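Notes follow the structure.
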Amino acid sequence: MATDLILGTAGHIDHGKTALVKALTGVDTDRLPEEKRRGITIELGFAELDLGPYRLGIVDVPGHERFVRTMLAGATGIDLALLVVAADDSVKPQTREHLDILRLLRLQTGVIAITKCDLPDTAWIDLVEEEVRELTAGTFLANAPLVRTSATTGAGLETLRDVLAVAAQAAGSTRYRGEGPFRMAIDRAFTMPGHGTVVTGSVASGRTRTGDDLVVEPGTISVRVRGLQNHGRSVDEVSRGQRAAINLAGMHHGQFRRGHELASPGHLVASRRLSVWLELLPSVNKPLRQRARVRLHVGTAELMASVVILEGDEIAPGNGALVQLLLAEPAATVWGQPVVIRSESPLATIGGGTVLDPGAPKLARHDPATQDFLGRLRSDDPLERAGGAAWFAGWRKWSPADWTRTAGVYEVERIRRALVERGELLEWPVSSTRLLYLHREVLAGLSGRVEAALAKMHDEAPLSPLLDRSRLAARLSYLEDDALLGLILERLAAAGRIELGDRTVALVGRGPRLSKREMELAGWIADSYLRAGFQPPGIAELKRLAAYNQAAVAQLVELLSAQGRLVRISPEYYLHADCEKRMQELVRARLAESAGLTVSEIRELLGTTRKYAVPLCEYLDRIGLTVRLGDLRVLKDSVRP
């Protein structure tokens, strides 16, 4: 079975790219009337070249400087390049810019063709070849095969096919051949009578079949595959390295634009912020400064973006830096995807780089941790990249399956196990169908935030020994996950950092801090309840009776209850602990001598009124001393199951 790869042409206008493609394949990629009339390529053209074990989908790009944006759209996803230089014209501005773009797209394999060799004499062609070698020195084409050709006479075409086959073998060995989710950047959209919407592009990963459900990003628009073609042939399936025309149901062709991506559901997530390793071309005449506006080319999209340099304030020509790109519109990207930037005005290619985080959070500048984990995302080790991606995912809901997009990881389960085993990735089941994942340093940071929030709450309520968990959750609402907060609290409690109740929480060792006046008031409250016996005052009554600091009364009552000096009988009433103990002794002793007591009899026993007797009886039921049988209370221990 042939291996499919994408070959992209590159070169100056009128250097014979289209004629060479036609001579190799028999396909004239200029399809528009204006292209025929003017004799230049304006839009992308496509052809296929069968080389036996390899099948090349050729993307023929325009060479005019006005159409560099179209060239960039066509260059996305190519595996190898064919740099074309005319023998009668030699190296020109677009030759240089196209070569720069191919370098920035991280290509590793290519071939050079000198065209129109039937026009000048051999000595001139020798000079052209020398200039081409000088141009490509230090690039991935430095040692690339160079073939002299003529589309008119056919000279060199067989040799060119042979060297393209060798280059295809090299490209096929270095490009990732794994399946992965389906993804294709859309470079054209149109409608066909009787069929509806058709989109075309180069398949970057995975495969899709007729009947599959896919998603268009940005926008998360669900579509269905009605039919597939590869270079004019109807097929049941298209896969990575192939040109594809896909007939879609669910979206009108007028809604598509160059820059949309077609992908397996859930694979891509559009974002307006990318973390990127960005390099400036050595040929640029000035540095790229903080907050500079650039034209970003990624996939088939062209977007305006602002550059936030994370370390330093500028990037010098020939240097690189970690940056965040703030996009004017969302873009759907993946880890490792190459980007190219051009100046806003005048239009010129000035640099490019690689996407490190396709859905990046806002990052702090000059932050060592940020620099470290972005560095891990540049690693060749998928384990390092996955750990970095987990750190940047923070506490957002994610799963290791996202690593294919965020870290270029395809052996997801192996990497997940390795990170869990070395303690870098923590996972908890929060339901029968869901696991929660956190990087250990993210958990440490969140734990610190929780403790800081608790400390502040203690400062705001210095008389409260315990804090309301719901109030803490409200302060940390940005976590957006109750299960996450619960897990953090459980781990802090297990580490002895906090005291945790069903509805309360407190820092260990962070008790109430009472002033001298508050201690005096607390003593008066406790004495008031002791003197009141079984007819305790309500909170409102205590506030009226207090000589000062009435606002602190309720909190001091709660504090005395937490200390065990008072016992909460109902939301309104408390008993002094000595009185509560005496009440239990009296009721237990009388019930041991009788068949049961009514509320009135318990009221008489305690010397109180019905106002207090009812909540006191309910309290005794609640703590399990008594149980109600009709109108009587009996000892619970005496009731047989």
Side-chain angles (χ1 to χ4, degrees), residues 3-13 15-21 23-25 29 41 44-49 51 54-63 67-86 91-115 129 132-133 135-149 156 159-175 185 187 202 204 240-243 281 297 299-300 337-340 349 352 354:
T3 298
D4 289 290
L5 297 168
I6 302 295
L7 169 72
T9 66
H12 198 75
I13 184 174
H15 273 209
K17 297 185 294 296
T18 301
L20 183 60
V21 171
L24 286 170
T25 67
T29 58
T41 299
L44 301 174
F46 310 100
E48 184 180 47
L49 180 61
L51 298 174
Y54 297 95
R55 189 166 50 227
L56 302 183
I58 300 177
V59 181
D60 185 26
V61 304
F67 305 125
V68 170
R69 59 187 296 184
T70 304
M71 181 270 176
L72 280 158
T76 185
I78 65 174
D79 300 299
L80 66 162
L82 177 60
L83 181 66
V84 176
V85 181
V91 172
K92 290 295 180 182
Q94 249 43 61
T95 314
R96 297 179 186 278
E97 185 167 20
H98 281 203
L99 178 59
D100 283 337
I101 289 170
L102 296 177
R103 292 168 58 195
L104 294 169
L105 292 175
R106 302 296 188 266
L107 283 184
Q108 301 177 30
T109 311
V111 170
I112 304 168
I114 297 182
T115 58
E129 182 172 331
V132 170
R133 286 303 187 190
L135 171 70
T136 58
T139 75
F140 73 101
L141 292 177
N143 299 310
L146 186 151
V147 183
R148 300 182 181 190
T149 68
T159 302
L160 183 57
R161 286 190 180 92
D162 291 342
V163 298
L164 283 172
V166 174
Q169 183 178 15
S173 66
T174 58
R175 304 297 269 189
D187 52 41
S202 301
R240 191 252 179 268
Q242 291 184 323
R243 286 293 304 176
L281 290 171
H297 294 265
T300 56
Q337 186 169 347
V339 301
V340 173
T349 301
T354 306

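Everything numeric here is computed off the predicted structure, so don't read it as measured data.
- Checking side-chain atoms of Thr149 against main-chain N and O of Ile114 turns up a donor-acceptor pair under 3.5 Å.
- Atom CG in Leu164 sits 11.0 Å away from atom CG in Leu5 (nearest 0.5 Å).
- Rounding to the nearest 0.5 Å places CG of Leu135 at 7.0 Å from CG of Leu83.
- Without hydrogens or angle criteria, Gln94 side chain to Ile13 main chain gives no donor-acceptor distance under 3.5 Å.
- Between Ile112 and Glu129 the shortest side-chain heavy-atom distance does not fall below 4.5 Å.
- Remark: Arg55 CZ to Thr3 OG1 distance equals 9.0 Å, nearest 0.5 Å.
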### Task
Please lay out, stage by stage, how Leu102 and Ile78 fare under the test side-chain contact (heavy atoms from CB on, under 4.5 Å).
CA-CA 9 Å; Leu102 296 177; Ile78 65 174; 4.0 Å; yes
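- Across Ala168 and Leu56, no two heavy atoms sit closer than the pair CB-CD2, 4.1 Å.
- A distance of 12.5 Å separates CD of Gln108 from OG1 of Thr139, quoted to the nearest 0.5 Å.
- Contact check for Asp100 versus Arg103: side-chain heavy atoms found under the 4.5 Å cut-off.
- Looking at Thr9 and Ile58, their side chains come closer than 4.5 Å, going by heavy atoms from C-beta outward.
- Of all heavy-atom pairs spanning Ile6 and Gly241, the tightest one is CD1-O, 3.2 Å.
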#### Entry: Candidate pair Thr349 and His297, rule side-chain contact (heavy atoms from CB on, under 4.5 Å), full reasoning
CA-CA 10 Å; Thr349 301; His297 294 265; over 6 Å; no
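- Taking CG of Leu24 as the start and CZ of Arg161 as the end, the distance is 5.5 Å to the nearest 0.5 Å.
- The backbone N or O of Gly11 sits nowhere less than 3.5 Å from a side-chain atom of Lys92 that would complete a donor-acceptor pair.
- Here the side chain of Arg148 pairs no donor or acceptor atom with the backbone of Gly156 at under 3.5 angstrom.
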### Task
For side-chain contact (heavy atoms from CB on, under 4.5 Å), just list the numbers for His98 and His12, CA-CA rounded to whole Å, side-chain angles, deciding distance to a tenth of an Å, and then say yes or no.
CA-CA 8 Å; His98 281 203; His12 198 75; over 6 Å; no
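- A heavy-atom distance below 4.5 Å is found between the side chains of Ser202 and Val59.
- Residues Glu48 and Thr25 share a closest heavy-atom pair of O-CG2, 3.3 Å.
- With values rounded to the nearest 0.5 angstrom, Phe140 atom CZ is found 9.0 Å from Leu80 atom CG.
- For the pair Arg243/Asp187, a side-chain contact is recorded, criterion being any heavy-atom separation below 4.5 Å from C-beta on.
- Put simply, the side chain of Arg106 gets close to the backbone of Leu104: a donor and an acceptor are under 3.5 Å apart.
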#### Entry: side-chain contact (heavy atoms from CB on, under 4.5 Å) assessment of Asp79 paired with Arg240
CA-CA 11 Å; Asp79 300 299; Arg240 191 252 179 268; 2.8 Å; yes
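- Between Leu160 and Val147, the closest heavy-atom pair is N-CG1, 4.0 Å.
- The only member of Leu99, Leu146, Leu107, Thr109 that meets side chain to side chain contact (heavy atoms under 4.5 Å, CB included) when paired with Leu141 is Leu99.
- The two residues Val21 and Ala47 make their nearest non-hydrogen contact at CG1-CB, 3.8 Å.
- Heavy atoms only, all atoms of each residue included: Gly110 and Ala144 are closest at O-CB, 3.3 Å.
- Between the side chain of His15 and the backbone N or O of Val85, no donor-acceptor pair lies under 3.5 Å.
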